[in-house]
Structure formats: C-alpha cells, structure tokens
Amino acid sequence: QKEVEQDPGPLSVPEGAIVSLNCTYSNSAFQYFMWYRQYSRKGPELLMYTYSSGNKEDGRFTAQVDKSSKYISLFIRDSQPSDSATYLCAILNTGGFKTIFGAGTRLFVKA
Amino acid sequence: ETGVTQTPRHLVMGMTNKKSLKCEQHLGHNAMYWYKQSAKKPLELMFVYNFKEQTENNSVPSRFSPECPNSSHLFLHLHTLQPEDSALYLCASSQPGQDYEQYFGPGTRLTVT
C-alpha cells in the first residue's frame, strides 16, 4: 500500500465551480499535511499546510484533514482558469525530515 | 534574484558524460533538498542537507553525487547516467525543522540519451 494515494485525474470543471481534491494516507503518525500547486514547467509552490486535524482557510482555498479517516482535502471556491495546474498533497511526520508526496491531480478550469 | 534558482533549466547528456546541476537559494534557509520528478509519479526525495551536512540519502545510486558547499548552494553531480534517469530534478529549501514549508526552484529537465 502506498503511503499517500492521490487520484491523478485529470479533473475538468467550469469556471466558478467548487473543486474538491483529495488524498488518503496510510500511516497515522503523520501530523503535517501540505498542498502544493505546480504549473506546467514550474516547480511546486506551497499553498498551505495544516498541523493535525481540522480546517484551514486562505482566500478561496480550504484545506481539511480528517485523521480518523486518514483523508485530506483541498477545496477551491469560485475556481478560475488560472487555477488550472497540478495539485500535490504531501504529508510529514512530526520530527521527521522526509516529506511524502502524492502523484498529483491535474486540474483544468474551463472559461 | 529571489527565491530558489536552478541552472541549467534543460540538459541533454549522453550516458558517458559528466555534468552538474546547480541550485541557489536566496531565502536565508539552512536546509536544502534534491527531488526527482518523473512523469505520473510522486516526487521522490533524493538528498537532504541541514546546515551543509547531509542528513538523508534516500537509497540513491552512486551515479548521483550531491555537494553542499554552503547553506545557499547545492549541486548534483551526474555521471554514467541511464535513460531511466531522465526526469525533472527539483531543488527546494526550508528552515531546518520546517520541512512542511519548502520552497522549490523551477527544476532542471534532464534527458539522458
């Protein structure tokens, strides 16, 4: 079983839609949960990170962690064509220094 | 220059060549990372340096040799590569202990012929 599972997509939505991106993980020791956005021909860019459970909001983006289900989500409200990118989830255990990444979900937002 | 820069952006090399990838960060961080990103695969951590000391070598073949002369610069020396080593090589940096907040460079697209 992979440590992090992420549906590669692609996911195509119309502009203005609410987007839900998800990952599952296998090890309950993980405490930090990150979402990165990667545009074509660019390096990943950190969107936000969450420690332990709960929600975190930043503008149109909301990260959600459900540790009981080992499930993490990123919601994008009022999606824009500029949100078209690959979204990578990542996890890290407390005190560790090896971040585990998901394979990424390719998102297309159509104008 | 700001953030994390990488040179060259593209590299084509034969299997018998020797080349080096360079990474420089202008963020005042003391931890630096090399990752390999292959198509449709997760980022694979290769090496981690904290305060110039290597703290992680993720079972990387010896044909990849990292070097970290100071906290701002990171190199990846390449020799006798295989075609399956063709990938995007990404450098990242963070503050030590804050691996959850990494800043990535644009990557070097490597093609081994």
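Atom set for the values below is all heavy atoms of this structure, side chains included, hydrogens, waters and symmetry mates excluded. Each chain gets a letter, A, B and so on, in the order the sequences are listed, and its residues count up from 1.
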Checking A/L88 against chain B: side chain, backbone, both or neither under 4.5 Å from a heavy atom?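 For A/L88, the side chain is the part near chain B, not the backbone.
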Verify the cluster assignment for [X] and [Y]: are they in a single hydrophobic cluster under the rule of side-chain heavy atoms below 4.5 Å apart?
| X | Y | result |
| --- | --- | --- |
| B/L81 | B/Y35 | no |
| B/V4 | B/F75 | no |
| A/V13 | A/W35 | yes |
| B/F104 | B/L11 | no |
| A/F75 | A/L107 | no |

Below 4.5 Å from any heavy atom of chain A, which atoms of [X] appear? Answer side chain, backbone, both or neither.
| X | answer |
| --- | --- |
| B/Q6 | neither |
| B/Y103 | neither |
| B/R9 | side chain |

Student check: side-chain heavy atoms of [X] and [Y] closer than 4.5 Å:
| X | Y | answer |
| --- | --- | --- |
| B/L88 | A/Q38 | yes |
| B/L90 | A/P44 | yes |
| B/L45 | A/T99 | no |

Would you say that more than 12 heavy atoms from the other residues, nucleotides or ligands in this model lie under 6.0 Å from the NZ of B/K52, or not?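 For B/K52, atom NZ is not crowded (no more than 12 foreign heavy atoms under 6.0 Å).
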Take atom NZ in A/K67; do more than 12 heavy atoms of anything else shown fall under 6.0 Å from it?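 Enclosed: over 12 neighbouring heavy atoms sit under 6.0 Å from NZ of A/K67.
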Indicate the ring-plane relationship of A/Y49 and B/Y100, choosing parallel, tilted or perpendicular according to the 30° and 60° boundaries.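 The arrangement is tilted - the two ring planes meet at 30° to 60°.
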For B/Q102, does its backbone N or O pair with a side-chain atom of A/Y36 as donor and acceptor, under 3.5 Å?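 Yes, A/Y36 side chain to B/Q102 backbone: donor-acceptor pair under 3.5 Å.
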Distance (rounded to the nearest 0.5 Å) between A/L92 CG and B/Q98 CD: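 Reported to 0.5 Å precision, the distance equals 11.5 Å.
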